[in-house]
Amino acid sequence: EVQLLESGGGLVQPGGSLRLSCAASGFTFSSYGMSWVRQAPGKGLEWVSGISGSGGSTYYTDSVKGRFTISRDNSKNTLYLQMNSLRAEDTAVYYCAKIHSMGSTYRDAFDIWGQGTMVTVSS
Amino acid sequence: DIQMTQSPSTLSASVGDRVTITCRASQSISSRLAWYQQKPGKAPKLLIYQASSLPSGVPSRFSGSGSGTEFTLTISSLQPDDFATYSCQQYHGYSSFGQGTKLEIK
């Protein structure tokens, strides 16, 4: 079964850091681009960051550039999101999501999603 | 940035109804559009990709159409399990999503 399982969320103070992980199973992880998508409470979905299958190309939405870093370890079938200088507006459920087509990086639909992990930035 | 606007924001309908949700892009996105269904506390589920293609396992009562800047999601005969929030996503550039349409029971 194709599955994504996020972990690492929690409560952090403004200016703090957190690292999210997403463990993948059931597919050839290194063949697919991956993304992080977040959803603030009661709001719509927002794409945050994407990474190619090899990890050689990364992409970010403007509001997180310079603060968040996406990476992957294909030997461990795991996707990461390092979040630094966190702000209240980063509070959201963070989902990892698999790109639909093999070889695509970020310009594609997301066919598999994790269950999400909640990040709360508050003092 | 490409902005996605969905209408309506809320839709009340009954089991068996045919419903249509519209998504408009701020610039042409060709057919690079997907639709998702999301239930409270759950992750989104892919319903349509490339504007009109159904992934395996998605019921045929769901259909998508459109290209360029205007797209529609149609549910031909609403089932009890279909009451949820529906969101569109463009992937012509960096992805962006519509604000969502909540489909409620009338």
Side-chain angles (χ1 to χ4, degrees), chain A residues 1-6 9 20 22 24 27 32-52 57-65 68 70 92-118, chain B residues 1-10 21 23-25 27-58 62 64 66 71 73 84-102:
Chain A
E1 180 189 5
V2 178
Q3 196 169 5
L4 298 172
L5 187 63
E6 302 98 334
L20 306 183
C22 170
F27 64 101
Y32 291 90
M34 298 290 294
S35 276
W36 289 96
V37 178
R38 67 186 178 185
Q39 187 168 35
K43 303 296 185 182
L45 298 162
E46 179 187 24
W47 176 81
V48 173
S49 181
I51 189 168
S52 62
S57 298
T58 58
Y59 313 91
Y60 301 93
T61 193
D62 285 348
S63 64
V64 309
K65 275 181 189 173
F68 290 11
I70 191 171
V93 174
Y94 284 72
Y95 296 101
C96 63
K98 170 186 166 291
I99 285 288
H100 178 240
S101 302
M102 191 181 300
S104 292
T105 51
Y106 62 92
R107 296 181 71 190
D108 205 341
F110 304 118
D111 62 348
I112 303 295
W113 296 64
Q115 86 289 351
T117 188
M118 182 71 203
Chain B
D1 294 1
I2 301 173
Q3 310 299 320
M4 305 301 292
T5 304
Q6 285 182 236
S7 60
S9 296
T10 307
I21 299 169
C23 184
R24 289 185 173 87
Q27 65 186 73
S28 177
I29 57 170
S30 183
S31 296
R32 293 182 177 267
L33 185 105
W35 289 97
Y36 297 88
Q37 178 193 67
Q38 188 176 23
K39 296 183 178 179
K42 301 294 186 182
K45 173 188 173 184
L46 179 64
L47 291 178
I48 302 282
Y49 65 96
Q50 207 63 14
S52 60
S53 297
L54 265 67
S56 60
V58 173
F62 293 95
F71 302 84
L73 170 70
T85 296
Y86 294 84
S87 299
C88 61
Q89 172 216 0
Q90 68 77 21
Y91 47 93
H92 183 73
Y94 289 159
S95 285
S96 54
F97 293 85
Q99 80 279 14
T101 294
K102 186 175 182 180

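Treat the numbers as computed from the prediction; the structure is a model and nothing was measured. Note that these values count all heavy atoms, side chains included, but never hydrogens, waters or copies made by symmetry. Every chain is numbered from 1, with letters handed out A, B, ... down the list of sequences.
In this structure, chain A has no heavy atom under 4.5 Å from any part of B:Gln50. Residue B:Ser96: no heavy atom, backbone or side chain, is found under 4.5 Å from chain A. Of the atoms belonging to B:Pro44, heavy atoms from both backbone and side chain fall under 4.5 Å from chain A. Heavy atoms of A:Tyr106 lying under 4.5 Å from chain B belong to its backbone as well as its side chain.
Checking side-chain atoms of B:Gln89 against main-chain N and O of A:Asp108 turns up a donor-acceptor pair under 3.5 Å. Between the B:Tyr94 side chain and the A:Arg107 main chain, no donor and acceptor come within less than 3.5 Å of each other.
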Inset, instruction - Evaluate side-chain contact (heavy atoms from CB on, under 4.5 Å) for B:Tyr36 paired with A:Trp113, printing each intermediate quantity in order. - result: CA-CA 11 Å; B:Tyr36 297 88; A:Trp113 296 64; 3.6 Å; yes
Inset, instruction - Let me see the working for B:Tyr49 and A:Asp111 under side-chain contact (heavy atoms from CB on, under 4.5 Å), right down to the final yes or no. - result: CA-CA 9 Å; B:Tyr49 65 96; A:Asp111 62 348; over 6 Å; no
Inset, instruction - Carefully, step by step, assess B:Lys42 and A:Gln115 under the rule side-chain contact (heavy atoms from CB on, under 4.5 Å). - result: CA-CA 7 Å; B:Lys42 301 294 186 182; A:Gln115 86 289 351; over 6 Å; no
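In this structure A:Ser63 satisfies the side chain to side chain contact (heavy atoms under 4.5 Å, CB included) test together with A:Arg38, A:Glu46, A:Thr61, sequence neighbours excluded. Taking A:Tyr94 as the reference, nothing meets the ring-ring contact (aromatic ring centres under 6.0 Å, His included) condition, with sequence neighbours excluded.
Rounding to the nearest 0.5 angstrom, the gap separating the CG atom in A:Asp62 from the CG atom in B:Asp1 is 6.0 Å.
Between B:Ser95 and A:Phe110 there is a side-chain heavy-atom pair separated by less than 4.5 Å.
When all heavy atoms of A:Ala109 and B:Ala34 are compared, the pair lying nearest together is CB-CB, 3.8 Å. Closest heavy-atom contact between A:Val37 and B:Phe97: CG1-CE1, 4.0 Å.
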